[in-house]
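Written below as structure tokens is the structure these notes are about.
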Amino acid sequence: MTSQSLTTPPGTRTGYDWTARIRCVVAEVGTNVRVHLFLGPIPEPPAGLMTSPNYVGSFYTYYDKLYYSIAEKRRGKPVQGFVGLSRDLVKHGGLQTSEPENAVPYLKSNLTWCVQKIAPGGERVDLHDMPSLEVMVLEVPLTLSSGESVPDIGPPKEHPDITRGKEGGAK
């Protein structure tokens with residue numbers, strides 16, 4: 001919780017939760033993958049992805065080869081997951097507040113991602129081979145009224161401007 005708006009009653013504070021929504025079609029690569037998110041450059045080699053100081057989190061897909069025929073019927077159906085960004089905005093970005101006027105420019109400049117196969121060797125996937133990949137940032141307002149311990153959660157707002165123009169970004 002970071003600020004008091006002119007439209008909220010005294011004692012009410014509003015903050016923001018930032019999340020990346022990741023959507024993709026797993027059948028495009030035919031195996032399970034991890035979509036790793038970073039605030040800063042993507043490290044090399046792939047073995048160091050999850051130990052990088054820029055690492056934020058990952059979305060893991062599930063693609064069961066035993067049920068490949070079922071998966072084939074689902075070809076073209078996206079899966080989706082979420083990775084929280086709020087904690088790392090403070091940790092990596094040094095932001096004092098999570099207001100959109102601070103978070104949006106930082107995320108636009110620093111949010112990066114890559115895809116890695118969940119197989120021995122952890123081979124990176126060329127994003128050209130996964131055209132369905134879409135990373136979309138969501139802002140969720142949280143309002144804490146005076147005397148309350150749990151904030152009210154507002155409707156999520158998409159920020160396609162943060163990832164649009166990047167491979168695997170907003171369509």
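Numbering of residues begins at 1 and proceeds along the displayed sequence.
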> If you measure from OG on S109 to CG on L39, what distance do you get to the nearest 0.5 Å?
Replying inline: 11.0 Å

>> In this structure, would L127 and M136 fall into the same cluster of hydrophobic residues linked by side-chain contacts under 4.5 Å?
In response: no

> Closest heavy-atom contact between L107 and K166?
Replying inline: O-NZ, 4.1 Å

>> Looking at every heavy atom in both E139 and Y16, which two are closest together, and how far apart are they?
In response: OE2-CE2, 3.3 Å

> Going by atom types only, do S86 and D17 share a side-chain donor-acceptor pair under 3.5 Å?
Replying inline: yes

> So, E167 side chain and H128 main chain: donor-acceptor pair closer than 3.5 Å or not?
Replying inline: yes

>> Can you confirm whether L85 sits close enough to T19 that some side-chain heavy atom of one is under 4.5 Å from a side-chain heavy atom of the other?
In response: no

>> Are F82 and L89 linked, directly or through intermediate hydrophobic residues, by side-chain heavy-atom contacts shorter than 4.5 Å (ILVMFWY only)?
In response: no

> Between atom CD of E28 and atom CG of D129, what is the distance when rounded to the nearest 0.5 Å?
Replying inline: 9.0 Å

>> Using the rule given for side chain to side chain contact (heavy atoms under 4.5 Å, CB included), can you reason through T112 versus L37, listing the C-alpha separation, both sets of side-chain angles and the distance that settles it, and then say yes or no?
In response: CA-CA 6 Å; T112 57; L37 274 66; over 6 Å; no

>> For a side chain to side chain contact (heavy atoms under 4.5 Å, CB included) check, start with the C-alpha distance between L142 and D152, then their side-chain angles and the critical distance, and finish with the verdict.
In response: CA-CA 6 Å; L142 306 171; D152 290 323; over 6 Å; no

>> List the residues meeting ring-ring contact (aromatic ring centres under 6.0 Å, His included) with W113, not counting sequence neighbours, and say none if there are none.
In response: none

>> Show, in sequence, the C-alpha distance, side-chain angles and deciding distance for H159 and V104, and conclude whether the side chain to side chain contact (heavy atoms under 4.5 Å, CB included) test is met.
In response: CA-CA 8 Å; H159 281 274; V104 170; 3.7 Å; yes

> Checking side chain to side chain contact (heavy atoms under 4.5 Å, CB included) for the pair Y60/V33: CA distance, chi angles, key distance, verdict?
Replying inline: CA-CA 6 Å; Y60 290 71; V33 296; over 6 Å; no

>> Is any side-chain heavy atom of V79 closer than 4.5 Å to one of V25?
In response: no

> Do you know which two heavy atoms are closest between T163 and V135, and how far apart they sit?
Replying inline: OG1-O, 2.6 Å

> Are V90 and W18 linked, directly or through other ILVMFWY residues, by side chains that come within less than 4.5 angstrom of each other?
Replying inline: no

>> Working to the nearest 0.5 angstrom, can you tell me the gap between R34 CZ and F59 CZ?
In response: 13.0 Å

> What is the distance from atom CD1 of I118 to atom OG1 of T61, rounded to the nearest 0.5 Å?
Replying inline: 5.5 Å

> Say you draw a straight line from CG of N102 to CG of L95; how long is it, rounded to the nearest 0.5 Å?
Replying inline: 6.0 Å

> What is the distance from atom CD of Q116 to atom CD of E123, rounded to the nearest 0.5 Å?
Replying inline: 9.5 Å

> When you look at E44 and R124, which way does the salt bridge (Lys or Arg N to Asp or Glu O under 4.0 Å) test go after all the steps?
Replying inline: CA-CA 10 Å; E44 295 291 341; R124 292 259 299 264; 3.0 Å; yes

> Nearest heavy-atom pair of A103 and S98: which atoms, and what distance?
Replying inline: CB-O, 4.1 Å

>> For V140 versus G154, what's the shortest heavy-atom pair and its separation?
In response: CG1-O, 3.6 Å

> Are L138 and V35 in one and the same hydrophobic cluster, where Ile, Leu, Val, Met, Phe, Trp and Tyr link if side-chain heavy atoms are under 4.5 Å apart?
Replying inline: no

> Can any side-chain N or O of K171 pair as donor or acceptor with the backbone N or O of L133 at less than 3.5 Å?
Replying inline: yes

> Can you name the nearest heavy-atom pair linking P141 to P155, along with the distance?
Replying inline: CD-O, 3.3 Å

> Looking at D88, N110, L49, which one forms a side-chain contact (heavy atoms from CB on, under 4.5 Å) with F38?
Replying inline: L49

